[in-house]
Amino acid sequence: YSGVVRFAFLAKSATTIGDFRFYIDNFVVEPIPDCAEITGVTVSDLTKNSAKISFTELYPVPVNGVHYEVRTSGIPGTSGAIQTGVLASGVNFVDLSGLLPSTNYQVYFRAACSATEWTSGSSFTTLCNYPDIISADDETRCGTGSVTFDVASGSGVVKWYSSENAFTSFYTGNSYTTPLLSEDISYWVSSEINSGVSGSGGLAAPVNHATGSPTNNYGLYFNVLEGINLVSTDVYSTAAGTIGVKILNPSGVEILSISNIAITNGGLTTPNVISLNNIYLPPGMGYRLKIVSPTGVTLYRNNSGLTYPMVDPLNALNVTSGDYSGVTTSTYYYFYNIVYNKVCVSPRIEVQAIVTPAPVLALSETEFEFCEGESVLVTVTEGASNYDSYVWEPVIGVTGDATTGWTFNPTVSTVYTLTASQTTGDLCATLKTVHFNVNPLPLILPLDEGYQACLDVSKELSVGDSYSLSVIHSNSFETAP
């Protein structure tokens, strides 16, 4: 905009005295720069050889676009850049590829204007050289049933997870067959290799130590800078007993719990080595390793001469403070020589089992109640031609087929499940359940050979749980005078 700009001021008061004074000065007017400053640089979609770098949308938009440089060293604008380029006007991101694994890069931007300078470098490190997931395809089935996923990977071990951020895998292997599914479900897979590099975090052993009965939920806070498998940790005790150990992730969710660990009195010379089950921990800040349910033990801790964070030589697991029941503290509680193996894990890939609706199948009835020894008939009322295989589970107490129906005579209450399936074509399947509530027959008790009864006095004869016979008098009874 160019032209005259006017400013107006309005004053209000509850009084009728119109004595207002305004003292306004030091107006500063700055022209809009030809190119806005580049800010808000972020890194996303990071892999071992690629990354997406974005920045806040610019105003005004530089007509000639934005220059960028990717470097491992040196000053932007000089020789030695790994990658360079110009983003078109209005584009505020660049997708980088062809990068090296486990390499630190700096990326610089400069709007294509004569008066602008390069931004300060934004740093990022590519992921480790993980084994690739070569193929991981969705699977589709018709109706209720299982699907089998076959994942092709490089040299790594394929692990399966129930969610994108689950800490513990539920299955290991390239091929996974699901349980029976009746609706869509997603799984996540990754491939990992042990890097062959081991390390340990925290104090190696007690120094400047003290002992005492451990308190429930005390322990350590620590950060994980690279993906690791936790192997073990040491505790030192001057009394025998038991403890439990748990690990919380940065969100406070318990991801490992081990109970009733036997602890011996080894003093300062013989540590108790506690296995941590090789649980995988991805990078994250604020993990917690805790003692739970201690009995009988007297554990060593450190109270003084400590500096946090305790950076391990490989900078993979750094203890940041003691954990005083959820509160950070300078006291170092209980856990020494936290051993880990570095693990290189690929980003997780989602695979989906898609269940499409099966053809209709309807039964004559699905709820029955009858007496023991009786039988009932169940028939297909709709969709019999949609399937060519019918299997009941259990098979005891049922006879017949889909054409004439099935006769059921169970002796006890039973739930039967029918699996109707196609052996050709789309291989659809559906499940139907039928409930049978079988009432037992009444128990008939034998009568005695004779009874005594007074004349004109009723005598009840019991022949079962719910049947009785009342008699006034009968020639078959002896009667007292």
Side-chain angles (χ1 to χ4, degrees), residues 43 46 48 72-73 99-106 123-131 156-157 167 192-210 218-236 245-250 255-256 266 268-291 299-323 328-346:
V43 180
L46 190 63
K48 63 182 178 181
T72 56
S73 62
L99 306 177
L100 297 176
S102 300
T103 303
N104 182 256
Y105 293 95
Q106 293 79 43
S123 180
F124 67 94
T125 301
T126 49
L127 301 183
C128 59
N129 192 21
Y130 52 79
V157 175
F167 274 79
E192 68 178 55
I193 55 172
N194 191 322
S195 68
V197 177
S198 298
S200 65
L203 295 177
V207 292
N208 299 322
H209 52 76
Y218 283 22
L220 299 174
Y221 278 94
F222 64 96
N223 296 336
V224 173
L225 288 306
E226 297 183 43
I228 58 174
N229 284 338
L230 276 187
V231 178
S232 64
T233 186
D234 298 345
V235 297
Y236 293 79
V245 172
K246 68 180 179 181
I247 297 177
L248 307 182
N249 69 14
I255 58 175
L256 178 68
L268 287 172
T269 59
T270 306
N272 292 268
V273 181
I274 299 172
S275 172
L276 297 177
N277 294 354
N278 281 310
I279 184 172
Y280 172 70
L281 301 184
M285 306 296 177
Y287 285 96
R288 295 156 72 182
L289 177 60
K290 290 175 167 286
I291 289 283
L299 301 184
Y300 281 92
R301 65 182 186 273
N302 283 81
N303 295 337
S304 61
L306 303 173
T307 300
Y308 295 102
M310 297 178 181
V311 179
D312 89 89
L314 299 179
N315 197 28
L317 189 158
N318 298 333
V319 174
T320 58
S321 73
D323 180 1
T328 59
T329 176
S330 61
T331 301
Y332 188 99
Y333 285 112
Y334 314 134
F335 297 106
Y336 298 88
N337 187 35
I338 306 170
V339 179
Y340 62 82
N341 292 323
K342 280 190 176 183
V343 182
C344 190
V345 182
S346 72

Practice task
Give me the ring orientation class for Tyr332 and Tyr308: parallel if the planes are under 30° apart, tilted from 30 to 60°, perpendicular past 60°.
Solution key: parallel

Practice task
Return the minimal non-hydrogen interatomic distance between Val319 and Gly202, and the atom names on each side.
Solution key: CG2-CA, 3.6 Å

Practice task
Write down the atom of Thr329, the atom of Asp323, and the distance for their closest heavy-atom approach.
Solution key: CG2-N, 4.0 Å

Handout entry: Given Tyr236, Tyr300, Tyr218, the one that forms ring-ring contact (aromatic ring centres under 6.0 Å, His included) with Tyr333
Key = Tyr218

Handout entry: Expected output: side-chain Ser195 to main-chain Lys342 donor-acceptor under 3.5 Å
Key = yes

Handout entry: Within-4.5 Å side-chain heavy-atom neighbours: Glu226 and Leu314
Key = no

Exercise for the section: Would you check if the side chain of Lys48 reaches a backbone N or O of Tyr130 as a donor-acceptor pair within less than 3.5 Å? Expected result: yes

Practice task
Please check if the side chain of Thr233 supplies one atom and the backbone of Tyr336 the other of a donor-acceptor pair under 3.5 Å.
Solution key: yes

Practice task
Using a 4.5 Å cut-off on heavy atoms from C-beta on, say whether the side chain of Asn229 contacts that of Glu192.
Solution key: yes

Please list, one pair per line, the donor and acceptor atoms closer than 3.5 Å that link side chains of residues 277-286 to other protein atoms, with sequence neighbours excluded.
none

Practice task
Answer whether the closest heavy-atom distance between the side chains of Leu306 and Ser330 falls below 4.5 Å.
Solution key: no

Exercise for the section: Output yes when a side-chain donor or acceptor of Thr126 lies under 3.5 Å from a complementary backbone atom of Leu100, and no otherwise. Expected result: yes

Exercise for the section: Compare every heavy atom of Asn129 with every heavy atom of Ser102, then report the nearest pair and how far apart it is. Expected result: OG-N, 4.3 Å

Exercise for the section: For Asp312, enumerate each residue passing the side chain to side chain donor-acceptor pair (under 3.5 Å) test, keeping only those at least two apart in sequence or located in another chain. Expected result: Tyr340

Fill in the blank from the handout: Sequence neighbours excluded, the answer for ring pair (Phe, Tyr, Trp, His ring centres under 6.0 Å) partners of Phe335 is none

Exercise for the section: Run the numbers on Val273 and Asn337 for side chain to side chain contact (heavy atoms under 4.5 Å, CB included), then give the verdict. Expected result: CA-CA 9 Å; Val273 181; Asn337 187 35; over 6 Å; no

Practice task
Decide yes or no for Thr328 and Thr320: does some side-chain heavy atom of the first lie under 4.5 Å from some side-chain heavy atom of the second?
Solution key: no

Practice task
Check the angle between the aromatic planes of Tyr287 and Phe222 and answer parallel, tilted or perpendicular using the 30° and 60° thresholds.
Solution key: parallel

